[in-house]
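Taking it in order: structure first as structure tokens, then the write-up.
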Amino acid sequence: MLRLSADAYKRMIGHCYDGLPLEACGLLAGHADSGKAEVFYPCRNEAASAKLYRIGIDWMKAERDADERGIEIIGIVHSHTHTDPYPSPTDIENAQAAPTMHYVIVSLRDTAPMARSFRITDGTVTEEFLTVEGR
Amino acid sequence: MPVEVRLPTILRQHAGGQASVRANGETLQEVFDDLVRQFPGLAGQVVTEEGALHKFVNVYVNDDDVRYLDKLNTKLTGDEVVSILPAVAGG
């Protein structure tokens, strides 16, 4: 289960819209044990594509800030601009790089954004509850 | 002079939980060799058995991606910070 603070949720959704027409991406930091994410770090999509995303040096900057706050990177966010919020074959293949992460996908296909969270282990996708806490 | 090597959260378990360690070497290859000598659990995590950078990591010297420098042959003076990061991408 992934529990997002309201602030992290709002920033995540806003960043995904800001990235249009390209895919947007970012990182969530918080506590791995409880699955609580407090901070969203917007990242530059180094692929600069509507169909792909790639996080580069922004991961380092996010991790340094998270270290200072005493939290850690626990989630990876990206948007799907025109498709369901479900991991693509490319997402599943590349999840081997960070198999312990929560993978959040925000679909902007419909009028309202739809965010879903997954764990991706050894090529197996498992959806988990995604909740937003507070206001 | 040893360089600082920053590890991402997912690799820290192989280095006693440390976020930052020091390793010796005049090139990136030598630094990673020393890193694995100190922390054998990192073997295969950054450099493959074939001797190439693992496709699931990005390595930066200061702010520069080493794939655009001289890869594992990138020379180091000791003043740099080497950062290893998960190469996260998808579609």
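Every chain is numbered from 1, with letters handed out A, B, ... down the list of sequences. Please read all numbers here as calculations on a predicted model, not as lab measurements.
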With a cut-off of 6.0 Å (strictly less than), are more than 12 heavy atoms of other residues, nucleotides or ligands near [atom1] of [X]?
X: A:Asp122; atom1: CG; value: no
X: A:Arg11; atom1: CZ; value: no
X: A:Glu127; atom1: CD; value: yes

With a 4.5 angstrom heavy-atom cut-off, which part of [X] approaches chain A: side chain, backbone, both or neither?
X: B:Arg12; value: side chain
X: B:Ala87; value: backbone
X: B:Val59; value: neither
X: B:Asp65; value: neither

Looking only at heavy atoms, which two atoms of [X] and [Y] are closest? And how far apart?
X: B:Phe56; Y: A:Glu93; answer: CZ-O, 3.8 Å
X: A:Asp67; Y: B:Ala19; answer: OD2-CB, 4.1 Å
X: B:Asn62; Y: A:Met60; answer: O-CE, 3.7 Å
X: A:Glu63; Y: B:Leu7; answer: OE1-O, 3.9 Å

Main chain of B:Gly91, side chain of A:Asp91: is a donor-acceptor contact present, judged purely on distance under 3.5 Å? yes

Closer than 3.5 angstrom, by distance alone: can the side chain of B:Tyr60 be matched with the main-chain N or O of A:Ile57 as a donor-acceptor pair? yes

Under 4.5 Å between side-chain heavy atoms, counting indirect links through other Ile/Leu/Val/Met/Phe/Trp/Tyr residues: same cluster for [X] and [Y] or not?
X: A:Ile120; Y: A:Tyr86; result: yes
X: B:Leu53; Y: B:Phe39; result: yes
X: A:Ile105; Y: A:Met101; result: yes
X: A:Tyr17; Y: A:Leu4; result: yes
X: A:Leu52; Y: A:Tyr103; result: no

Tell me, out of A:Glu46, A:His78, A:Arg64, who's got the most heavy-atom pairs with chain B below 4.5 Å. A:Arg64

Interatomic spacing from CD1 in B:Ile84 to CH2 in A:Trp59 - rounded to 0.5 Å: 13.5 Å

Largest heavy-atom contact set with chain A, pairs under 4.5 Å, which of B:Asp64, B:Leu85, B:Asn58, B:Ile10: B:Leu85

A:Ile76 versus chain B, the contacting section by heavy-atom distance below 4.5 Å: side chain

For chain B, which residues from residues 20-42 of chain A have at least one heavy atom closer than 4.5 Å to it? A:Glu23

